[in-house]
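The structure under discussion appears below in the form of structure tokens.
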Protein chains: 2
Amino acid sequence: MRKPTIQDVAVKAGVGVGTVSRVLNNHPAVRGVTRDAVLKAISDLEYTPNPHARRIAGGKSYTISVLLPVLTTEFYTRLLDGLEAAFQEARYDVAIFPLLDRSRLERYLGSHTLAYQADGLVMATYNLQALFHEHRLRTQQPTVLVDAYAEHVDCAYMDNVTGGRLAGEHAVKAPGPIHAIWVETELDQLFQTRVFEDRRSGFMGALAAAGRGLGRECVSSFDTLAARNTAAQLLDAVQTEPGGVPCTVFASADLLAGALLDEMAVRGLQPGVDVRVIGFDNQPWAAARGITTLHQPVESMGYEAATLLLTRLNGYRGPARARRFEPSLIVRGSA
Amino acid sequence: MRKPTIQDVAVKAGVGVGTVSRVLNNHPAVRGVTRDAVLKAISDLEYTPNPHARRIAGGKSYTISVLLPVLTTEFYTRLLDGLEAAFQEARYDVAIFPLLDRSRLERYLGSHTLAYQADGLVMATYNLQALFHEHRLRTQQPTVLVDAYAEHVDCAYMDNVTGGRLAGEHAVKAPGPIHAIWVETELDQLFQTRVFEDRRSGFMGALAAAGRGLGRECVSSFDTLAARNTAAQLLDAVQTEPGGVPCTVFASADLLAGALLDEMAVRGLQPGVDVRVIGFDNQPWAAARGITTLHQPVESMGYEAATLLLTRLNGYRGPARARRFEPSLIVRGSA
DNA sequence: TTGTAGGCGTTATCAG
DNA sequence: CTGATAACGCCTACAA
């Protein structure tokens with residue numbers, strides 16, 4: 001009852017192993033009839049190729065390492081969906097390395113791990129290139145950045161500046177003061193991301209272009225409690241100042257927007273009327289709560305990132321490419 | 001500049017490949033001098049064996065799949081530290097599969113993935129055995145549960161009943177009412193864990209043994225905001241009822257205890273005097289906040305789980321073994 | 001105790 | 001288009 005091999009399939013289909021290998025790899029030079037016979041043998045035998053054997057025979061590992069932060073957001077689930085879809089089509093395996101902490105990252109970069117054995121590397125959100133040079137990775141693996149941008153590296157990134165701008169352009173459509181809540185950025189330099197800076201600069205730009213100024217700015221860490229407290233502080237200020245309501249608040253992440261809506265409900269403030277709320281991310285629950293927000297084509301970004309890496313693996317040697325993805329505004333009741 | 005192979009090492013050390021292979025696998029029949037020479041060649045060349053080649057030649061992949069939830073808690077970082085330490089010693093690679101969502105889990109179990117090819121499986125916290133049967137995994141891989149218990153499977157688990165009991169025994173040392181805050185368990189049956197149930201039953205047992213009853217019970221989801229709200233509710237009730245203070249509160253996770261302390265501070269209630277607080281987990285920040293809590297030997301549990309799996313891989317065929325680990329009470333100012 | 005040779009399941013390179 | 005056959009890097013007898 002041992003696992004069937006390519007040999008077994010070849011015998012059963014009455015062809016040579018080479019032919020079986022060809023149909024396995026979608027090689028064009030196979031006659032239709034032959035291909036069908038092989039395919040039938042494969043399914044009859046419930047044959048699955050041994051990945052280790054192809055790794056050793058082909059000189060490639062057919063494995064991609066994906067390094068990503070472990071924020072338990074839907075964002076990374078969707079990102080992985082996009083990445084995995086593309087890699088699976090190309091028969092690559094993906095190994096996920098959650099960056100739980102800094103020392104773990106360094107271990108991943110040690111030469112004994114799977115990360116080292118992989119054919120390519122996907123780095124999400126954080127640009128760890130610098131660190132890679134410190135550790136002078138011997139085999140410079142093809143690398144692609146996703147949800148991050150850097151020069152001289154292939155990357156697929158979300159244009160958060162544009163996202164911020166769209167939010168700003170929507171904000172200025174209404175009169176009244178405009179406020180914003182930003183997300184506190186990580187302290188560790190290594191784990192820094194420019195996402196929220198970008199959203200801010202896009203937003204500010206739109207306001208400036210419309211000749212509008214920003215009222216209050218608050219900063220909150222990415223945490224429900226902190227978000228709620230920040231929302232309360234902002235509303236306290238807004239409610240006590242003359243002409244404070246109606247106003248518009250750009251909450252630069254849906255988590256913040258949700259907390260703001262909660263706090264507004266307590267105070268009897270009506271979304272879209274007393275306080276117009278614009279979020280960011282289009283989280284799954286954003287629709288139900290009627291949050292006007294920015295949707296990000298995350299899966300597409302992941303898919304494209306994977307595609308960029310695959311072209312490198314297939315021999316592309318040209319200059320680094322950058323693929324930009326634009327968030328789109330989804331208008332709902334909150335603004 | 002290509003990766004050195006076992007051949008290169010053999011040449012450099014002036015021995016045959018067989019000898020190199022033997023020292024690689026800790027085979028006893030190698031002379032000390034020879035071994036040293038080989039070892040030197042290995043480190044000179046910075047040679048690392050190709051795991052895929054090992055797999056295909058030896059029939060093992062030397063890879064372990066670790067399935068774990070992605071709660072970004074220190075708990076899983078420590079657990080992985082323990083697991084990886086043991087596996088590294090045995091020259092096994094570990095591939096981490098974060099269980100971001102249900103469909104992803106099913107994909108991991110698909111026959112093409114690394115998880116399927118691994119020599120063994122570690123499942124953390126959740127017992128997914130049932131699912132495995134549904135999917136009738138053909139190659140029943142050796143599996144070990146960690147931070148979870150089930151019959152007929154090797155497992156290393158934290159005795160949360162004892163942890164709860166220790167908390168209870170500490171709680172009953174003081175007079176006054178005793179309250180508790182529990183963590184809401186996951187809705188999806190598949191992703192269920194008994195951890196919090198166990199803490200509860202241990203705690204209740206200790207109270208019963210001491211002839212004491214439980215006052216108020218609250219449930220909170222594992223989220224800072226929810227925890228804070230729950231704490232507020234509890235304190236509202238406690239402060240308004242006669243003889244409500246001083247009292248003792250068992251917060252079954254440090255996250256809950258921290259939120260409780262925050263809310264107490266707002267109300268001017270003194271920890272350890274007005275309200276005695278007992279947490280659970282001994283998070284890194286628990287010491288600074290003076291939280292009396294239960295420390296869990298998480299690394300040891302991980303290490304032991306890995307060891308159990310390794311014995312299976314080395315041919316152990318006996319009955320399932322269960323290794324129990326006991327939390328220990330750390331008394332600080334809060335109780 | 002050590003070296004040599006055969007084989008593991010694929011892919012890739014040839015002739016045909 | 002297809003079938004042999006030589007790699008790929010390692011492990012494991014078997015022989016020395």
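Numbered from 1 within each chain, the chains take letters A, B, ... in sequence-line order. Computed from a prediction, not measured in an experiment: that's the story for all the values here.
For Asp147(A), the side-chain hydrogen bond (donor to acceptor under 3.5 Å, both in side chains) criterion is met by Thr125(A), not counting sequence neighbours. For Gln7(A), there are no side-chain hydrogen bond (donor to acceptor under 3.5 Å, both in side chains) partners at least two apart in sequence or on another chain. Partners of Arg54(B) according to the side-chain hydrogen bond (donor to acceptor under 3.5 Å, both in side chains) rule, which considers only residues two or more places apart in sequence or in another chain, are Asn25(B). The salt bridge (Lys or Arg N to Asp or Glu O under 4.0 Å) check on Glu326(A) picks up Arg324(A), with sequence neighbours excluded. Listed by chain and number, the residues in a side-chain hydrogen bond (donor to acceptor under 3.5 Å, both in side chains) with Asp44(A) are Lys40(A) (sequence neighbours excluded).
Taking the side chain of Ala29(B) as heavy atoms from C-beta on, and the options dC10(D), dT11(C), dT1(C), the nearest nucleotide is dT1(C). Here dG9(C) is the nucleotide among dT1(C), dG9(C), dT4(C) with the atom lying nearest to any side-chain atom of Ile56(B). Residue Pro49(B) places its side chain closer to dC10(D) than to any other of dT11(C), dG9(C), dC10(D). With distances taken from any side-chain atom of Thr5(B) to the nucleotides dT2(C), dC10(D), dT2(D), the minimum falls on dC10(D). In the set dG3(C), dT10(C), dT11(C), the nucleotide with an atom closest to the side chain of Arg91(A) is dT11(C).
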Interface polar pairs with nucleotides 13-16 of chain C, N/O, under 3.5 angstrom:
none

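In this structure, CZ of Arg55(A) is placed 14 Å from C1' of dT11(C), rounded to the nearest angstrom. Distance, Leu45(A) CG to dG9(C) P: 13 Å, rounded to whole Å. Between the P atom of dG3(C) and the CZ atom of Arg35(B) lies a distance of 14 Å, rounded to the nearest Å. If you measure from atom CD1 of Ile6(A) to atom C1' of dT2(D), you get 14 Å, rounded to the nearest angstrom. Between the CG atom of Asn26(A) and the P atom of dT10(C) there is a distance of 16 Å, rounded to whole Å. For the pair Asn25(B) CG and dT12(D) C1', the computed distance is 10 Å after rounding to whole Å. Atom NE2 of His27(B) is separated from atom C1' of dT2(C) by 11 Å (rounded to the nearest Å). Protein atom CD of Gln7(B) is 12 Å distant from nucleotide atom C1' of dG3(C), rounded to whole Å.
Glu89(B) and Tyr303(B) form a side-chain donor-acceptor contact under 3.5 Å, judged by distance and modelled atom types alone. Counting only N and O atoms by type, the side chains of Arg321(A) and Thr311(A) include a donor and acceptor under 3.5 Å apart.
Summary of helix geometry: the two end axes of the helix from dT1(C)-dA16(D) to dG16(C)-dC1(D), each defined by five base pairs via their C1' atoms, are inclined to each other by 40° (rounded to 10°).
Contact between the side-chain N/O atoms of Tyr47(A) and the OP1/OP2 oxygens of dT10(C) is found at a separation under 4.0 Å. Residue Arg31(B) places none of its side-chain N or O atoms closer than 4.0 Å to OP1 or OP2 of dT1(C). Under 4.0 angstrom from either OP1 or OP2 of dC8(C) there lies no side-chain N or O belonging to Asn50(A). Between Thr19(A) and dT2(D), a side-chain N or O to OP1/OP2 separation shorter than 4.0 Å is absent.
Applying the salt bridge (Lys or Arg N to Asp or Glu O under 4.0 Å) test to pairs two or more places apart or on separate chains, those with a residue in residues 297-308 of chain A are Arg78(A)-Glu299(A), Glu304(A)-Arg323(A). Among pairs with a residue in residues 19-31 of chain A, none fulfils salt bridge (Lys or Arg N to Asp or Glu O under 4.0 Å), at least two apart in sequence or across chains.
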Please test Ile6(B) against Leu24(B) for side chain to side chain contact (heavy atoms under 4.5 Å, CB included), starting from the C-alpha separation and ending with a verdict. CA-CA 10 Å; Ile6(B) 200 171; Leu24(B) 245 26; 4.2 Å; yes

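Nearest-nucleotide positions on DNA chain C for Val17(B) and Ala57(B) put Val17(B) closer to the 5' end.
Residue Gly14(B) is classed as a sugar-phosphate contact, given heavy-atom separations below 4.0 Å to backbone atoms only.
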